[in-house]
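Structure record follows, encoded as structure tokens.
Worth saying up front: this structure is predicted, and the values here are computed from it rather than measured.
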Amino acid sequence: MVKNASKAFKVDVESVVIKIYNEFSSSAKRTENLKSFFEFVDLEYQDLLRHVPTRWLSLHPAIDRLLKNWTAVKSYFQSEGGANNAAIILETFQDDDENSLPLCTLWFAHNISLIIHNSILLLENNKTTAVELHAIMNKLKMQLEQRGKDRFYGNNANQILKTLDVNKKKSFETQAQDFLNRCVNYLCNWYNFEESIFQHFQFLDSTSEIEWQSFETIVDVLDLNIEKDSIYEEYCILKEVLNKFGHQKLSSEVDQKWVTVFKGAHLPAISKIVSFVLSIPVSNAYCERVFSLMGIINRDERNKIATELIGAELKIRLNFDMNCSEFYDYIQEFPDILRLVSSDKKYSFKNKQ
């Protein structure tokens with residue numbers, strides 16, 4: 001999305017971030033020179049961060065770090081002249097003014113990349129479900145559209161705009177509006193906000209406002225083979241159960257919220273609906289994470305590892321968020337498992353001897 005929208009700007013933010021990082025990543029001498037400029041402008045030295053084009057989540061941290069180091073980095077490149085620097089770097093730092101159009105563009109990119117960064121983190125979170133997807137997408141679209149309507153490009157960018165001459169200000173605003181429009185159009189092309197089935201799942205996140213029509217719609221949309229008569233009978237029971245909960249605070253996590261509800265009543269038909277919806281993946285991030293972990297576990301020096309052991313390690317890594325000491329305390333509650341750990345039973349080849 002951002003790569004496509006960035007075509008609206010004359011300054012290629014991604015290229016600027018990558019070129020500046022490359023200037024220092026391959027040379028210890030240039031890095032030492034840069035440190036002297038940090039001392040000169042009285043800033044604590046921080047390494048610039050690398051942005052990998054295929055890893056979108058690396059862009060915002062890289063821009064953020066560059067802007068924090070901007071004064072020192074700008075002083076370095078201006079003192080170097082430009083004989084050995086890329087043209088895009090020269091254009092970025094050629095203005096002697098404290099506030100410049102490239103800096104304004106970077107602050108705008110910083111503001112926009114943050115809201116997209118946070119949205120992606122939510123979408124890639126293991127606990128995010130199909131129930132929350134439409135709300136996340138809708139919020140992102142609204143944030144982009146509202147910025148365009150209000151001409152709000154981030155406070156720092158707006159403050160710099162006030163210091164620019166009329167022509168530069170007009171040029172930036174035209175490019176920024178085009179950028180925002182491209183982002184919104186990209187979202188609309190890849191996600192159907194008007195007819196997405198995910199919008200019908202949202203009611204499952206609010207147990208206090210559940211209506212029969214919502215269940216009826218979701219069964220039709222998903223074409224589930226469940227009798228509506230059974231669902232309605234359970235719906236009536238569900239309303240009673242929810243009334244008993246009253247103002248009791250349920251978990252903020254959708255799945256845990258329904259676990260609490262189902263503990264209060266036997267609702268097999270509604271349970272099937274909720275289970276089906278919660279089993280729909282929001283993104284492929286979880287699958288990619290599994291393959292990444294599999295590569296770490298099944299490495300060259302462990303080439304004789306059994307498939308069962310790979311599966312066991314994956315289950316532990318993906319389902320346990322305890323540290324070593326917490327797991328030690330936890331496992332003490334299961335003496336049978338501890339006995340098996342210290343026995344020979346788990347080593348099948350020993351039993352054959």
Side-chain angles (χ1 to χ4, degrees), residues 1-3 14 17-18 21 25 47 49-65 113-114 116-133 135-137 140 190-191 198 201 205 251-259 274-334 336-350:
M1 176 174 69
V2 173
K3 190 175 289 291
E14 273 196 284
V17 171
I18 292 170
Y21 172 83
S25 65
D47 286 326
L49 300 180
R50 182 188 180 195
H51 166 55
V52 181
T54 55
R55 295 179 180 269
W56 161 248
L57 288 174
S58 66
L59 180 59
H60 177 74
I63 296 175
D64 185 63
R65 181 62 59 84
S113 64
L114 177 60
I116 299 174
H117 181 95
N118 290 338
S119 297
I120 293 175
L121 285 178
L122 284 174
L123 291 172
E124 294 189 351
N125 191 309
N126 290 345
K127 294 182 179 179
T128 300
T129 67
V131 174
E132 301 142 301
L133 175 61
I136 294 171
M137 296 298 292
L140 176 58
W190 287 95
Y191 184 82
F198 291 100
F201 303 157
D205 194 21
S251 172
S252 58
E253 296 174 14
V254 179
D255 55 345
Q256 294 304 312
K257 190 180 296 183
W258 281 99
V259 166
V274 174
S275 299
F276 188 96
V277 172
L278 293 182
S279 68
I280 299 172
V282 174
S283 72
N284 65 344
Y286 187 79
C287 298
E288 295 292 340
R289 201 167 287 126
V290 171
F291 283 118
S292 178
L293 282 172
M294 195 181 298
I296 294 171
I297 295 169
N298 190 20
R299 51 190 184 273
D300 291 342
E301 55 268 33
R302 301 181 74 189
N303 57 13
K304 292 185 179 181
I305 188 171
T307 306
E308 292 78 8
L309 182 55
I310 295 174
E313 286 196 30
L314 280 173
K315 288 170 187 173
I316 291 172
R317 287 173 181 256
L318 293 168
N319 296 302
F320 282 84
D321 55 0
M322 305 176 186
N323 58 36
C324 292
S325 58
E326 288 171 340
F327 183 76
Y328 176 82
D329 294 335
Y330 171 77
I331 202 66
Q332 298 302 314
E333 300 174 13
F334 303 94
D336 292 341
I337 295 178
L338 290 173
R339 278 195 294 272
L340 285 172
V341 168
S342 58
S343 74
D344 289 343
K345 289 184 179 180
K346 62 183 182 298
Y347 300 111
S348 57
F349 69 90
K350 287 190 176 183

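- Rounding to the nearest 0.5 angstrom, the gap separating the CD atom in Gln332 from the CZ atom in Phe327 is 10.0 Å.
- Arg50 contributes no side-chain N or O that, together with a main-chain N or O of Tyr21, makes up a donor-acceptor pair within less than 3.5 Å.
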Candidate pair Ser275 and Trp258, rule side chain to side chain contact (heavy atoms under 4.5 Å, CB included), full reasoning
CA-CA 10 Å; Ser275 299; Trp258 281 99; over 6 Å; no
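- A donor-acceptor pair under 3.5 Å is formed between the side chain of Asn319 and the backbone N or O of Lys315.
- In this structure, the separation between OG on Ser113 and CG on Asn118 is 9.5 Å, given to the nearest 0.5 Å.
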With side chain to side chain contact (heavy atoms under 4.5 Å, CB included) as the criterion, how do Leu133 and Phe201 come out once you've worked through the C-alpha distance, each side chain's angles and the decisive distance to 0.1 Å?
CA-CA 9 Å; Leu133 175 61; Phe201 303 157; over 6 Å; no
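- Put simply, CG on Leu293 and CG on Asn298 are 12.5 Å apart, with the number rounded to the nearest 0.5 Å.
- Arg302 and Glu313 are joined by a salt bridge, as a carboxylate oxygen and a charged side-chain nitrogen come within less than 4.0 angstrom of each other.
- A donor-acceptor pair under 3.5 Å is formed between the side chain of Arg299 and the backbone N or O of Ile296.
- The shortest non-hydrogen separation linking His51 to Ile18 is O-CG1, 3.8 Å.
- A distance of 7.0 Å separates CD1 of Ile305 from CD1 of Ile297, quoted to the nearest 0.5 Å.
- Judged by distance alone, with hydrogens and angles left aside, the side-chain atoms of Thr128 form a donor-acceptor pair with the main-chain N or O of Leu122 at under 3.5 Å.
- The two residues Val17 and Ile63 come nearest to each other via the heavy atoms CG2-CG1, 3.9 Å.
- Across every non-hydrogen atom of Leu57 and His117, the tightest pair is O-CE1, 3.2 Å.
- In this structure, Asp255 does not pair ionically with Lys127, as no charged nitrogen and carboxylate oxygen lie closer than 4.0 Å.
- Taking CG from Asn126 and CG from Leu318, the interatomic distance works out to 7.5 Å, rounded to the nearest 0.5 Å.
- The closest donor-acceptor contact from the side chain of Arg289 to the backbone of Glu124 lies under 3.5 Å.
- Within the 4.5 Å cutoff, the side chain of Val131 has no heavy atoms near those of the Phe198 side chain.
- The backbone N or O of Asn323 sits less than 3.5 Å from a side-chain atom of Glu326, completing a donor-acceptor pair.
- Among all heavy-atom pairs drawn from Ser119 and Ile136, the shortest one is O-CG2, 4.2 Å.
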Passes salt bridge (Lys or Arg N to Asp or Glu O under 4.0 Å), Asp47 versus Arg65? Steps please.
CA-CA 8 Å; Asp47 286 326; Arg65 181 62 59 84; over 6 Å; no
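- The shortest side-chain heavy-atom distance between Glu132 and Thr129 falls under the 4.5 Å cut-off.
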Which is it for His60 and Ile116 under the side chain to side chain contact (heavy atoms under 4.5 Å, CB included) test, yes or no, and what are the steps along the way?
CA-CA 9 Å; His60 177 74; Ile116 299 174; over 6 Å; no
